[in-house]
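All remarks here apply to the structure that follows.
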4 protein chains.
Amino acid sequence: MFIELDLQSETPIYTQLVDQIVEGIACGALQPGEQLPPIRSLAEDLGINLHTVNKAYNLLKQEGLLQVHRKTGVIVQPGEMPGVTEAFEEKLRRQLRSLAAAAAVRGMAEEVFAQESRSVYRDIITNRGGE
Amino acid sequence: MFIELDLQSETPIYTQLVDQIVEGIACGALQPGEQLPPIRSLAEDLGINLHTVNKAYNLLKQEGLLQVHRKTGVIVQPGEMPGVTEAFEEKLRRQLRSLAAAAAVRGMAEEVFAQESRSVYRDIITNRGGE
Amino acid sequence: MFIELDLQSETPIYTQLVDQIVEGIACGALQPGEQLPPIRSLAEDLGINLHTVNKAYNLLKQEGLLQVHRKTGVIVQPGEMPGVTEAFEEKLRRQLRSLAAAAAVRGMAEEVFAQESRSVYRDIITNRGGE
Amino acid sequence: MFIELDLQSETPIYTQLVDQIVEGIACGALQPGEQLPPIRSLAEDLGINLHTVNKAYNLLKQEGLLQVHRKTGVIVQPGEMPGVTEAFEEKLRRQLRSLAAAAAVRGMAEEVFAQESRSVYRDIITNRGGE
DNA sequence: GTGGTCTAGACCACC
DNA sequence: GTGGTCTAGACCACA
């Protein structure tokens with residue numbers, strides 16, 4: 001598995017898990033329909049609690065990025081991905097707003113901030129063609 | 001005061017306070033050297049506890065955005081603002097990364113994401129000239 | 001626990017706590033990676049409030065001497081310690097200056113003052129080899 | 001007057017005043033028996049409250065560094081300076097201890113710390129011969 | 001069971 | 001009147 005956790009970080013482990021799985025899907029490391037490790041084995045691999053993995057999976061299921069079946073296990077949502085809903089846009093903007101304000105206050109120019117955003121996005125996507 | 005809190009939100013109150021003050025400074029609603037409301041009166045105005053305001057003020061103080069004086073009260077850092085440190089860039093990128101991944105997964109194109117960032121930044125700055 | 005507080009002292013309790021923990025780390029009584037008592041139990045042992053301990057722990061965390069985990073509790077920073085930054089040197093010198101002036105005024109010679117400093121430092125370190 | 005206050009500093013103003021007067025005596029800028037500015041005029045010069053200056057003067061009087069007369073005003077203790085009492089040594093050591101621990105934890109060597117102390121002391125004294 | 005957050009209310013140092 | 005510190009007690013998120 002490609003997941004790396006920072007147990008020292010102050011961001012909750014389940015959040016880190018969610019982020020990394022989302023990134024995995026975004027960059028194509030996790031294909032639609034692909035199987036994710038069972039909760040128990042992933043928890044064991046990462047040396048974390050079973051509930052933590054479960055929480056992450058459930059959050060992603062609620063967001064429509066994963067499907068959880070009893071028998072089949074957990075797979076990446078095949079076919080139709082959630083898409084950009086209004087709720088998502090609002091949430092995205094609210095968080096960007098906070099980051100932009102912090103950047104602006106420290107004197108980072110609009111162009112630099114936009115460029116930073118673009119380059120971060122590109123970093124994630126860049127490997128997508130490869131799989 | 002221009003601050004609006006969502007007491008139901010899962011983001012801590014003091015974090016919301018910090019964000020809004022940073023935005024206030026970024027957009028020029030709060031000028032360098034300008035006085036902020038005393039801890040107690042702001043707490044009362046917002047219907048929250050004095051310690052919550054205190055925590056927010058102190059966080060901003062240790063980020064170099066505010067100065068806290070014993071008798072004088074709290075003012076926006078006059079003169080030299082913190083600037084873009086390496087630590088800040090790293091933190092910014094980490095958070096942008098999470099947002100970019102979520103956006104990419106939902107099919108938001110690179111150009112749209114970058115444009116979104118730029119427009120959010122511009123929204124904040126836009127009133128700055130007016131003070 | 002090896003901590004002794006003077007509740008009558010004019011130096012804040014949390015400062016005394018910080019100082020004693022730093023000394024504990026310096027002398028090796030607290031090893032890197034070692035666990036510190038949970039906030040609540042230390043507070044109870046010392047007969048002080050939990051928030052006071054919390055404040056001390058958080059100060060040490062933001063100085064990079066402690067790590068605070070949600071479930072695991074608090075540990076001494078394992079591996080790389082902060083190091084002597086310029087900010088630290090400046091702060092050290094400012095405080096030494098005040099002490100040196102007071103000593104000089106009372107006729108304590110330069111050599112005695114330097115020797116005093118050295119011996120205090122040595123007192124702290126002296127047990128370090130023993131762990 | 002040679003006194004410079006940092007009103008932004010988190011160390012109380014009266015403490016800064018005390019420190020600077022002590023330094024002034026240590027370096028010889030203030031000679032034994034020399035007259036200090038009257039409370040009111042010093043307060044006005046520095047742009048601070050009258051009580052603040054008063055508090056500083058009284059602390060120094062208690063320590064035996066100043067003499068306060070109603071008519072004559074305030075003068076530097078002529079002749080016999082306090083000397084190194086046991087209480088002073090203890091207080092000095094306690095404060096040095098805190099600094100030494102902080103330095104040791106950050107990897108500053110004993111020799112460096114002692115040298116730092118000596119050089120700070122020398123900085124203060126260095127002008128003494130000159131007056 | 002751990003730390004994180006919030007509330008309520010008190011006293012003190014500083015100016 | 002300002003922020004700083006401390007206490008007491010509560011609920012929640014995390015693991």
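Protein chains get the first letters and strands the later ones, always in sequence-line order, with residue 1 at the start of each. Because the structure is predicted, anything quoted here is derived from the model rather than measured.
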Just how far, in rounded Å, is [atom2] of [N] from [atom1] of [X]?
X: L7(A); N: dA15(F); atom1: CG; atom2: P; result: 9 Å
X: L36(C); N: dT2(E); atom1: CG; atom2: P; result: 13 Å
X: Y14(A); N: dC14(F); atom1: OH; atom2: C1'; result: 8 Å
X: N54(B); N: dG9(E); atom1: CG; atom2: C1'; result: 15 Å
X: N49(B); N: dT5(F); atom1: CG; atom2: C1'; result: 14 Å

From the options dC14(F), dA8(F), dG4(E), select the nucleotide whose nearest atom is closest to the side chain of H51(C). dA8(F)
Selected nucleotide, minimal atom distance to K61(C) side chain, candidates dG4(E), dT2(F), dG3(E): dG4(E)
Check this one for me: any side-chain N or O of K55(B) less than 4.0 Å away from OP1 or OP2 of dC6(E)? no
T52(B) side chain N/O closer than 4.0 Å to the phosphate oxygens (OP1, OP2) of dT7(E)?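 Answer yes for this pair, as a side-chain N or O of T52(B) is under 4.0 Å from OP1 or OP2.
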Describe the nucleic acid contact of I13(B) in one word from base, sugar-phosphate, nothing, applying a heavy-atom distance below 4.0 Å.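 Touches sugar-phosphate only.
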Contact check, side chains of Y57(B) and I21(B), non-hydrogen atoms, under 4.5 Å: yes
Ignoring hydrogens and angles, are the base of dG4(F) and the side chain of R40(B) linked by a donor-acceptor pair under 3.5 Å? yes
Complementary nucleotide for dG4(F) - Watson-Crick or wobble, under 3.5 Å: dC11(E)
